[in-house]
Amino acid sequence: MALYKKFSKDNKTCTVEFYVSPEAAQGVSSIAVAGEFNNWAEQKDMLKKATDGSFSGTVKMDADREYQFRYLYDGFKWENDWAADGYVPNSYATTDNSVVKTYSKKKH
């Protein structure tokens, strides 16, 4: 798993690429990324499956924020990103949520 970030020229937005490796996605048919950036919509930001079995997709977010998120495998199994920028307690379960930080290096 991995997060790749690209900032707009004015540093107001950040496009985050979410990547799930073939090993982490073994046996999975679909993966969505749900989080604060999309009101935890379970079907809005679906990752695309590559021929090697990995999944990836991008989401454009406001810069200079932190967003909680998780992956939803096959519509029922929630997973964290092992390479997230951080983790915070999840108020609905006994697990944590992943965090992506969109702080631009030019501002911080």
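Just so you know, these numbers come straight off a predicted model, no measurement behind them.
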- Same apolar cluster (I L V M F W Y, side chains within < 4.5 Å links), V28/L72: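 Not linked; separate clusters.
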- Are F7 and L3 in one and the same hydrophobic cluster, where Ile, Leu, Val, Met, Phe, Trp and Tyr link if side-chain heavy atoms are under 4.5 Å apart?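 No.
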So do [Y] and [X] actually touch side chain to side chain, heavy atoms under 4.5 Å?
X	Y	answer
S21	S54	no
V99	Y67	no
L47	F18	yes
Y73	V20	yes
K60	C14	no
T102	V16	yes

- Item | Worked check of side chain to side chain contact (heavy atoms under 4.5 Å, CB included) between Y103 and E66 | CA-CA 8 Å; Y103 298 115; E66 294 183 13; 3.1 Å; yes
- Task: Mind running side chain to side chain contact (heavy atoms under 4.5 Å, CB included) on Y4 and Y19 for me, showing each step along the way?
- Result: CA-CA 8 Å; Y4 304 101; Y19 173 81; 4.0 Å; yes
- In terms of ring plane angle, is the pair Y71 and F69 parallel, tilted or perpendicular, where the classes change at 30° and 60°?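 Judged by the thresholds at 30° and 60°, the geometry between Y71 and F69 is perpendicular.
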- Query: Which salt bridge (Lys or Arg N to Asp or Glu O under 4.0 Å) pairs, counting each pair once, include a residue from residues 15-24, with sequence neighbours left out?
  - Reply: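 Residue pairs with at least one partner in residues 15-24: there are none.
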- Message: Taking salt bridge (Lys or Arg N to Asp or Glu O under 4.0 Å) as the cut-off, I'd like each qualifying pair that reaches into residues 67-87, sequence neighbours left out, listed once.
- Response: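 Sorted result for residues 67-87: K5-D85, K77-E79.
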- Message: Do N90 and N97 pair up side chain to side chain, a donor and an acceptor below 3.5 Å, judged on atom types alone?
- Response: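 Side chains of N90 and N97: pair found under 3.5 Å.
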- Determine whether the side chains of S98 and N80 contain a donor N or O and an acceptor N or O closer than 3.5 Å.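 Yes - a donor-acceptor pair under 3.5 Å links their side chains.
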Determine all donor-acceptor pairs shorter than 3.5 Å in which one atom belongs to a side chain in residues 31-42; sequence neighbours excluded.
{"from": "E36", "atom 1": "OE1", "to": "Q68", "atom 2": "N", "distance (Å)": "2.8"}
{"from": "N38", "atom 1": "OD1", "to": "G35", "atom 2": "N", "distance (Å)": "2.9"}
{"from": "N38", "atom 1": "OD1", "to": "W40", "atom 2": "N", "distance (Å)": "3.1"}
{"from": "N38", "atom 1": "OD1", "to": "A41", "atom 2": "N", "distance (Å)": "3.3"}
{"from": "N38", "atom 1": "ND2", "to": "V33", "atom 2": "O", "distance (Å)": "3.1"}
{"from": "N38", "atom 1": "ND2", "to": "D45", "atom 2": "OD2", "distance (Å)": "2.8"}

- Task: Return the minimal non-hydrogen interatomic distance between A83 and A2, and the atom names on each side.
- Result: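 Reported closest heavy-atom pair: CB-CA, 4.1 Å.
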